[in-house]
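These notes concern the structure reproduced below.
Atom set for the values below is all heavy atoms of this structure, side chains included, hydrogens, waters and symmetry mates excluded. Naming convention: chains lettered A, B, ... in sequence-line order (proteins, then strands); numbering from 1 in each chain.
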Protein chains: 2
Amino acid sequence: MKRIADSTVRRLSAYLRFLEDFEERGLSTISSDELARRGGTTSAQVRKDLSFFGSFGKRGLGYSVPELAGRLREILGLGRQWKVIIIGAGKIGAALVAYRGFRQRGFQILAAYDSSSDKVGRTLEGIPVRDISHLEKDVHKDLPDIAVVTVPGENAQQVVDRIVKAGIKAILNFAPTQLQVPPDVTVKTVNMAMELEGLSFAFSNRD
Amino acid sequence: MKRIADSTVRRLSAYLRFLEDFEERGLSTISSDELARRGGTTSAQVRKDLSFFGSFGKRGLGYSVPELAGRLREILGLGRQWKVIIIGAGKIGAALVAYRGFRQRGFQILAAYDSSSDKVGRTLEGIPVRDISHLEKDVHKDLPDIAVVTVPGENAQQVVDRIVKAGIKAILNFAPTQLQVPPDVTVKTVNMAMELEGLSFAFSNRD
DNA sequence: ACATGTGAACTGCTTCACAGCG
DNA sequence: CGCTGTGAAGCAGTTCACATGT
C-alpha cells in the first residue's frame, strides 16, 4: 500500500469527528463539500484523502454518514481497544487521566507511573499510580500498546529507552525533547512551547 | 518577505532548544550537521531554514552558539514579554498554569477564566481565576496577546468568538474542535485525540 | 443534473551538489 | 580544506478539471 501522509491521517481524524456529530443529529448522507467546509479544506481534498482507501461514496448523492464513519474507524484502527500507560503522574499526567476523550475512542488507561513516593500507591480518577521501578515487569504482564510520556524533559529520553526496551512501539510524548527511537517505534510529540513560539512568530511577522 | 512554512518555524524552535543546551554547556560553535543530528533532520535543511532570514554562519567553521540563539529568539519574536490568558480552569488549564516552560520563554500568564463558582476567586499557582463574564472588560484593560482555550469542545467556538471580538489575534486551542476565525487571527490547535488516532493508524498499518 | 473518483497540472517543501569563502 | 549558502533538481502534497456513474 502507498504511504499515507501525516496530514492526510489528521484530516481523516477530523472527518470522523464531524461524522459523529452528524450521526448524533440523525443525518444520513453528507457530501465531500460539506465535510470540507467543516474541516477547513476543499472537497477535492476530502475525496482524494478517501480515495487512498477505497470508493465509499455514491455519485450524485454523497456519502452515507454511518458507513463512512465506520470505514474511517476501521482505517484509523479504532475498531479495537488500545491499552495505554501514562509515565509521569504530575499535572499533565493527571489531566490526561481525567480526559474523557481517551476512553470514548477505545483508549483504556491501565495505570500511571511515577517515581515520587507521594504519588505512588494513590489513584487518579480510579487509575492506580504505580512505582516506576515496576515498569518493565508490568509492561511484560499487561502488554500495553501505547505509552504516554509526561515526565520532565531531562528524564524523557531515559524513560523512553526503558519503554522501548520493554517492547512498546507507540509513544505519545509531552516532554519538550526530540526523542531518539528505533525505526519500528512511532512517536508523536505534543510540544506546547513549540506551538506558542509558532504563535509568537506568526504574530511578530503579520502584515 | 517570503512566506515561511509552518514546518520551518517548528524546526527553528527545535534548533533554539538545542542551542540553549549547548549554551549551558559552554560550547561556542556548532555546525549545521550537529544541529541536524539533534533535530532529526539534515544539515542542508538546517542551512536552508536559516537562509530565509540571513547568513549567520562562518564558512569552514559553523555557527556561533550565542549569536545564533539570539538571532533565533529575534526571528521567533521571543525578544519581548507576551501576555497570556487561559480560558477554562479545569485540569488542563491548571496543568498549563503550572507549566514552567511558559514563563521561561517570556509568556506571562495574567489570569485564568472559568464559569464555575467553585473555581472563580481562587488562585492556581498564584494566578487568579476570574469569572468568565469579566472577560471582555479585562481584555480591554490588560490587553493580553494570546488566549489559551481549554474549555470543553462544545463551548469552544462561542468562547473563541468572544475572544476574537475582544480583539485577541493569537489563540492556542486545546479543545478538540475545528475553530472558525477571521483571517487576521492565528490559531494553533493541540488535539490529543488526533495524535492518538495517528498512533493508532501507524500501529495498525505498520509492516 | 449532481457529486464522486482520479489522472494531470501545479505548488511548495526537501534534498542535492557545488561554488564561495573563511 | 571544511562548512556555509544557495540555485537547481527531485519529490510529495494539493488543486484542478472532467469523465464517470447514479
Side-chain angles (χ1 to χ4, degrees), chain A residues 1-15 18-19 22 27-69 71-72 75 178 198 201-202 205, chain B residues 1-15 18-19 22 27-72 75 178 194 198 201-202 205:
Chain A
M1 194 216 264
K2 206 178 164 306
R3 211 196 140 272
I4 302 300
D6 222 68
S7 49
T8 300
V9 178
R10 301 177 71 83
R11 282 192 299 269
L12 294 176
S13 261
Y15 303 154
F18 307 142
L19 286 167
F22 270 68
L27 302 167
S28 62
T29 62
I30 188 170
S31 66
S32 57
D33 200 58
E34 188 138 20
L35 271 173
R37 221 170 315 132
R38 290 274 215 125
T41 180
T42 65
S43 61
Q45 181 76 79
V46 171
R47 295 198 299 277
K48 181 66 86 181
D49 287 341
L50 297 176
S51 77
F52 294 129
F53 303 96
S55 303
F56 309 132
K58 293 203 196 330
R59 288 161 198 260
L61 230 170
Y63 301 87
S64 151
V65 170
E67 191 204 322
L68 186 55
R71 295 300 194 119
L72 286 177
I75 290 165
Q178 177 78 23
F201 177 84
N205 299 50
Chain B
M1 195 218 265
K2 206 178 167 303
R3 212 196 140 272
I4 303 299
D6 223 66
S7 49
T8 299
V9 178
R10 301 177 70 84
R11 283 191 300 268
L12 295 176
S13 262
Y15 304 154
F18 306 142
L19 286 167
F22 270 68
L27 301 167
S28 63
T29 61
I30 188 170
S31 66
S32 57
D33 200 58
E34 188 137 21
L35 271 172
R37 220 169 317 132
R38 290 275 215 127
T41 180
T42 66
S43 60
Q45 181 75 79
V46 172
R47 294 198 299 277
K48 180 67 85 180
D49 287 340
L50 297 176
S51 77
F52 294 129
F53 303 96
S55 303
F56 309 130
K58 294 203 196 332
R59 287 160 199 259
L61 230 172
Y63 302 86
S64 151
V65 170
E67 190 203 323
L68 186 55
R71 295 300 192 118
L72 286 178
I75 291 165
Q178 177 77 23
M194 209 174 257
F201 177 84
N205 298 45

Closest-nucleotide 5' rank along DNA chain D - winner of A:Q45 and A:L61 = A:Q45
Could you work out which one of D:dG7, C:dC13, C:dT6 sits closest to the side chain of B:K2?
-> C:dC13
What's the spacing between A:F18 CZ and A:L72 CG if we round to 0.5 Å?
-> 11.5 Å
Between A:I4 and B:N205, does a side chain to side chain contact (heavy atoms under 4.5 Å, CB included) hold up when you go through it step by step?
-> CA-CA 10 Å; A:I4 302 300; B:N205 298 45; 5.9 Å; no
Check if the side chain of B:R47 and the base of D:dT4 share a donor-acceptor pair of N or O atoms closer than 3.5 Å.
-> no
Separation of atom CZ in A:R3 from atom P in D:dC11, rounded to whole Å | 15 Å
Quick one: which of C:dT15, C:dA3, D:dC16 gets closest to the side chain of A:S31?
-> C:dA3
Out of C:dT6, D:dC3, C:dT15, whichever nucleotide has its closest atom nearest the side chain of B:T42 = C:dT15
Between C:dT4, C:dC13, D:dG5, which nucleotide has the shortest distance from any of its atoms to the side chain of B:R59?
-> D:dG5
What does B:S7 touch in the nucleic acid at a heavy-atom separation under 4.0 angstrom: a base, only the sugar-phosphate, or nothing?
-> sugar-phosphate
Please tell me which of the listed nucleotides, C:dT6, D:dT14, C:dT15, lies nearest to the side chain of A:R11?
-> D:dT14
Heavy-atom check, side chain of A:L50 versus side chain of A:R47, under 4.5 Å | no
Below 4.0 Å: OP1/OP2 of C:dT4 and any side-chain N or O of A:S32 = yes
Interatomic distance, B:L50 CG vs D:dC3 C1' [rounded to whole Å] | 13 Å
Against the side chain of B:Y63, the closest entry in D:dG13, C:dC13, D:dT4 is D:dT4
Separation of atom CZ in B:F52 from atom P in D:dT4, rounded to whole Å | 17 Å
Whole Å only: how far is the CG atom of B:L68 from the C1' atom of D:dG5?
-> 14 Å
Whole Å only: how far is the NZ atom of A:K48 from the P atom of C:dA8?
-> 11 Å
Within this structure, what is the CD1-to-P distance between B:I4 and C:dC13, rounded to whole angstrom?
-> 9 Å
What distance separates B:R38 CZ from B:L19 CG, expressed to the nearest 0.5 Å?
-> 9.5 Å
5'-most contact on DNA chain C (nearest-nucleotide basis), A:F56 vs A:G60, goes to A:G60
For B:D6 and D:dA12, give me the distance from atom CG to atom P, rounded to whole Å.
-> 20 Å
Mind checking whether B:R71 and B:Y63 have side chains closer than 4.5 Å, heavy atoms only?
-> no
May I have the distance from B:D49 (atom CG) to D:dT6 (atom P), rounded to whole angstrom?
-> 13 Å
